[in-house]
Amino acid sequence: MTANKNHVLDAKLAIEPAPKDSAISAVNSNDDRDDSSEDSVDVARLRTPIKVDLTPIYDFLGSRTDSTWVDHALNHLPLLIQDHANCEKKAAGTAMNLIFRYEFAYDLQRKLAQLIREEMLHYEQVLGIMHERGQDWQYLSAGRYAKGMLKHKRTFEPAAMVDILIIGAFIEARSCERFAALAEVIEDARLAKYYRYLLKSESRHFEDYLALAQSLSEDNIDDRVALFKAVESELISSPDTELRFHSGVPV
């Protein structure tokens, strides 16, 4: 997907970000801030999710989630829920690290601060779901997904930051795609509603990532986006021995 250098730079930034997979996000407008203020840590009190067009997500990603992953995830929901919590926590932590590394970039600072608030809200919400289900926290190692993309990151600035933001775009897009896939088939009505609730914010995060990535680069980022699109698709479509929110096809 092409990222225009003149795209809205005040957009909401997300780096799972991600989705949250993957999931970086920030508030685009006063209306969005009003919506965010209505969010609750208690998922039972969340507003009714609106219908979201996911066509841009599907067009951006290089592949769709295999039904084998969905079936396996439904049979291991406690593991998946905790890994979702890990993703939200890591996204907030990554954003905090970037705030210290890039403290002279005002737009980035502002959006990362907004991201941290949103990701920690989602983390609290998922913790609440775990508590409600009587689910204890267990040790869960990181999957291969993020590491598999980060090994292609350039090592000099600002190219490294550009690549991190592009990776964040794919993490957010994949998170959104999988929230939607799970919401369609999951029997737990409250969890299905929560995943649909996340679609509104997650579905626009990848474009925000790309806009900021392009704003930091003098060159067009399309070639880098194409590279990470192929890498991400391979990680999702190839066999994977571990089930995680962003894992490949279960074996």
Side-chain angles (χ1 to χ4, degrees), residues 1-3 14-24 54-91 94 138-155 159-160 162-186 195 198-199 202-203 205-207 209-210 213 221-251:
M1 179 171 184
T2 300
I15 192 167
E16 218 327 143
K20 136 134 156 359
D21 163 183
S22 89
I24 285 183
L54 297 181
T55 302
I57 294 288
Y58 299 142
D59 291 343
F60 177 66
L61 294 171
S63 61
R64 297 281 290 271
T65 292
D66 190 277
S67 60
T68 305
W69 182 91
V70 177
D71 293 340
H72 201 55
L74 292 176
N75 291 327
H76 298 83
L77 274 179
L79 184 154
L80 198 72
I81 292 169
Q82 182 176 320
D83 195 50
H84 178 194
N86 278 338
C87 290
E88 301 291 358
K89 181 170 58 175
K90 289 175 183 178
T94 298
Q138 305 289 334
Y139 171 75
L140 197 61
S141 62
R144 69 181 188 180
Y145 181 75
K147 185 184 297 184
M149 287 194 286
L150 284 169
K151 70 181 182 181
H152 297 277
K153 176 180 71 70
R154 291 169 291 184
T155 58
V162 170
D163 284 351
I164 287 174
L165 293 170
I166 294 172
I167 290 170
F170 281 101
I171 292 173
E172 292 294 331
R174 183 60 65 185
S175 297
C176 184
E177 189 253 359
R178 290 199 158 171
F179 285 138
L182 290 167
E184 287 295 319
V185 296
I186 201 166
Y195 288 159
L198 291 173
L199 294 181
E202 301 293 335
S203 63
H205 288 172
F206 81 96
E207 291 180 323
Y209 260 123
L210 294 178
I221 65 172
D222 286 356
D223 288 346
R224 298 302 295 175
V225 172
L227 182 150
F228 284 110
K229 181 174 185 175
V231 170
E232 197 271 349
S233 180
E234 174 64 21
L235 288 166
I236 289 298
S237 303
S238 60
D240 198 339
T241 58
E242 292 183 308
L243 174 67
R244 298 292 185 269
F245 211 93
H246 299 90
S247 57
V249 180
V251 292

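From a predicted model like this one, the values you see are computed outputs, not experimental measurements. What you see below is based on every heavy atom in this structure, not just the backbone, and it leaves out hydrogens, waters and symmetry mates.
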K.L.:
Of the non-hydrogen atoms in Phe206 and Ala173, which two are nearest, and what is the gap between them?
P.N.:
CB-CB, 4.1 Å
K.L.:
Measure across Leu80 and Ala73 and return the closest heavy-atom pair with its distance rounded to 0.1 Å.
P.N.:
CD2-CB, 3.7 Å
K.L.:
Just verifying a value: how many Å separate Lys229 NZ and Glu234 CD, rounded to the nearest 0.5 Å?
P.N.:
15.0 Å
K.L.:
Please tell me if the side chains of Arg144 and Ser238 come closer than 4.5 Å, counting only heavy atoms from C-beta onward.
P.N.:
yes
K.L.:
Look up atom CG in Leu54 and atom CG in Leu199, then write down how far apart they are to the nearest 0.5 Å.
P.N.:
5.5 Å
K.L.:
Contact between Leu77 and Ile186 at the side-chain level, heavy atoms closer than 4.5 Å - yes or no?
P.N.:
yes
K.L.:
Got a second to check how far Arg224's CZ is from His152's NE2, nearest 0.5 Å?
P.N.:
9.5 Å
K.L.:
Ignoring hydrogens and angles, tell me if any N or O in the side chain of Trp69 forms a donor-acceptor pair with the backbone of Arg244 under 3.5 Å.
P.N.:
yes
K.L.:
Give me the ring orientation class for Phe245 and His84: parallel if the planes are under 30° apart, tilted from 30 to 60°, perpendicular past 60°.
P.N.:
tilted
K.L.:
State the OG-CD distance between Ser63 and Glu177, to the nearest 0.5 angstrom.
P.N.:
7.5 Å
K.L.:
Over all heavy atoms of both residues, which pair between Phe170 and Tyr145 is shortest? Give the atoms and the distance, please.
P.N.:
O-OH, 3.6 Å
K.L.:
Minimum heavy-atom separation for Ser247 and Glu242, please, with both atom names.
P.N.:
CB-O, 3.2 Å
K.L.:
When you measure from the side chain of Asp240 to the backbone of Ile236, do you find a donor-acceptor pair of N or O atoms at a distance under 3.5 Å?
P.N.:
no
K.L.:
Please name the pair of heavy atoms, one in Val251 and one in Pro239, separated by the smallest distance, quoted to 0.1 Å.
P.N.:
CG1-CB, 3.3 Å
K.L.:
Please give me the minimum heavy-atom distance between Leu79 and Leu243, naming the atom from each residue.
P.N.:
CD2-O, 3.1 Å
K.L.:
Going from OG on Ser141 to CG on Asp83, what distance comes out if it is rounded to the nearest 0.5 angstrom?
P.N.:
9.0 Å
K.L.:
Is there a donor-acceptor pair closer than 3.5 Å between any side-chain N or O of Arg178 and the backbone N or O of Thr65?
P.N.:
no
K.L.:
Quick one: does any side-chain atom of His72 pair with a main-chain N or O of Thr68 as donor and acceptor, under 3.5 Å?
P.N.:
no
K.L.:
Could you check if a side-chain atom of Lys151 sits within less than 4.5 angstrom of a side-chain atom of Val231, using non-hydrogen atoms only?
P.N.:
no
K.L.:
Does any non-hydrogen side-chain atom of Leu150 lie less than 4.5 Å from one of Asp163?
P.N.:
no
K.L.:
How long is the straight-line distance from CD of Glu232 back to OG of Ser237, given to the nearest 0.5 Å?
P.N.:
8.0 Å
